[in-house]
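See below for the structure under consideration.
Ligands are counted one by one from 1 in listed order, and the atoms in each one are counted from 1 as well.
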Amino acid sequence: MSYRSGGSRPRVTVFSLGGTIASTHQPGSPPAGVVPRLGARELVDSVPRLREVAELETVAFRRTASSDLTLPDVVRLAAEIARRFEAGDAGVVVTQGTDTVEESSFALELLVPGPRPVVVTGAMRDPTLAGPDGPANLLAAVRVAASPQAAGLGTLVVFDDEIHAARFVRKTHTSSTATFRSPSAGPLGWVVEGRVRIAFRAPALRGAPTGVSVRVPPVALLKATLGDDFRLAERLPDLGYAGLVVEALGGGHLPSPAVEPLERLARRMPVVLASRTGGGELLRETYGFPGSERDLLSRGLTPAGFLDGPKARVLLSLLLSAGAGPAAVRDSFEQVNASVFAS
Ligand code: ASP
């Protein structure tokens, strides 16, 4: 499961979770699509130059499509990463399916205390295709994880030679190798000719939940659409949900029939208001019409700030796992938001 290669280079552990970077055909079976089969050791062995960069350990942590990863998986992974840091690793790389990188990387950012870097990467072209991007992404990710410049930047996503902050990054394309973008902030830096270039330093995140367990209560994410009245929302407690994130229209707006159901729901469970636009910050004090951001926030919804729906759902889920009540939820969202901007 785990092995070590010697040397005096910084030590980096590569955890593999599956995904396209690890996906090949089943041998001997008729073509039926690629599935995650390779582990961290095979991934590392396929890129000999990695050993010039770092002393590597490998852990095959999961072997799954990232659509089957869960927040409890990430909570367990965060505990393993913390152990690696206690044992002296300079950094850690996580390889996984790209579909949920924007959520798992943000969960790791909330769960793993700094300053040593956690770097998440993957691939869009699997190893059976021409020009697979996994090897180049893995090499760049290890370079960043081994780099002193990456310390204190929180969890990073390194992909297509760009370095993104987990708090901002989104998957934006179904097949492009340049799928990862940070629409609100841009990348923090890049890797060129093997050099790690950090152009901007993101402040350390504050307000992360403490005492998170692997029991993570279900949190729903509902996206607003033209004319939807959110009649589904009030059924959520009966379905076992403990919280809701609403991806509202534009700067934080909903069709007016949705307002009262959500106000009632916010008395029973935390309801967080985010934007479905994918970039920018939720408005707080511009519009005054029924269903506007001012209206909704005055009725007890919690503003997600710069967090998009999936990332707000990660934060709310981990807070509820840690037993946070409504005031602590609100406070954490405020602190996370206040901490990411230079003061
Ligand atoms: N398309 C995915 C990937 O890029 C599959 C997954 O997320 O597991 O890895």
Side-chain angles (χ1 to χ4, degrees), residues 14-26 29 31-47 50 58-78 80-81 92-109 118-142 144-145 155-166 168-183 187 191 216 221 278 308-311 313-314 317:
V14 178
F15 288 88
S16 61
L17 275 60
T20 296
I21 192 169
S23 290
T24 59
H25 293 287
Q26 309 271 14
S29 57
V34 295
V35 294
R37 296 179 59 241
L38 307 176
R41 180 168 190 164
E42 289 130 305
L43 297 181
V44 163
D45 285 347
S46 71
V47 190
L50 282 172
T58 59
V59 180
F61 187 76
R62 295 282 185 276
R63 217 171 286 234
T64 182
S66 74
S67 43
D68 262 344
L69 288 174
T70 63
L71 277 171
D73 287 330
V74 184
V75 173
R76 291 188 179 94
L77 175 63
E80 286 293 321
I81 291 173
V92 156
V93 169
V94 176
T95 67
Q96 68 156 89
T98 56
D99 293 352
T100 57
V101 158
E102 59 203 273
E103 287 150 277
S104 59
S105 63
F106 184 55
L108 289 173
E109 165 135 56
V118 177
V119 180
V120 183
T121 195
M124 292 301 285
R125 296 196 195 123
D126 70 66
T128 72
L129 298 175
D133 52 333
N137 286 341
L138 181 57
L139 181 57
V142 171
V144 174
T155 298
L156 299 167
V157 173
V158 172
F159 217 92
D160 208 28
D161 282 339
E162 287 190 344
I163 304 168
H164 292 265
F168 292 123
V169 76
R170 296 171 65 97
K171 185 172 182 179
T172 64
H173 196 281
T174 56
S175 58
S176 166
T177 56
T179 184
F180 284 100
R181 299 273 175 223
S182 299
V191 180
V216 184
L221 170 59
D308 63 20
K311 289 189 202 290
R313 179 180 167 275
V314 166
S317 303

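Looking at residues two or more places apart in sequence or on another chain, you find no side-chain hydrogen bond (donor to acceptor under 3.5 Å, both in side chains) involving Glu42. By the side-chain hydrogen bond (donor to acceptor under 3.5 Å, both in side chains) test, Asp160 pairs with no residue at all, sequence neighbours left out. Residues that satisfy the side-chain contact (heavy atoms from CB on, under 4.5 Å) test with Pro36, not counting sequence neighbours, are Ser23.
A donor-acceptor pair is defined here as one N or O able to donate and one able to accept, closer than 3.5 Å; no such pair exists between the side chain of Ser182 and the backbone of His164. Using a distance-only test at 3.5 Å, with no hydrogens or angles considered, no donor-acceptor pair links the side chain of Asp68 to the main chain of Ala65.
The minimum heavy-atom distance linking Phe168 with Pro183 is given by the pair O-CD, 4.1 Å.
Protein residues lining ligand 1, listed by chain and number: Gly19, Thr20, Ala65, Ser66, Gly97, Thr98, Asp99, Ala123 [non-hydrogen atoms, distance under 4.0 Å].
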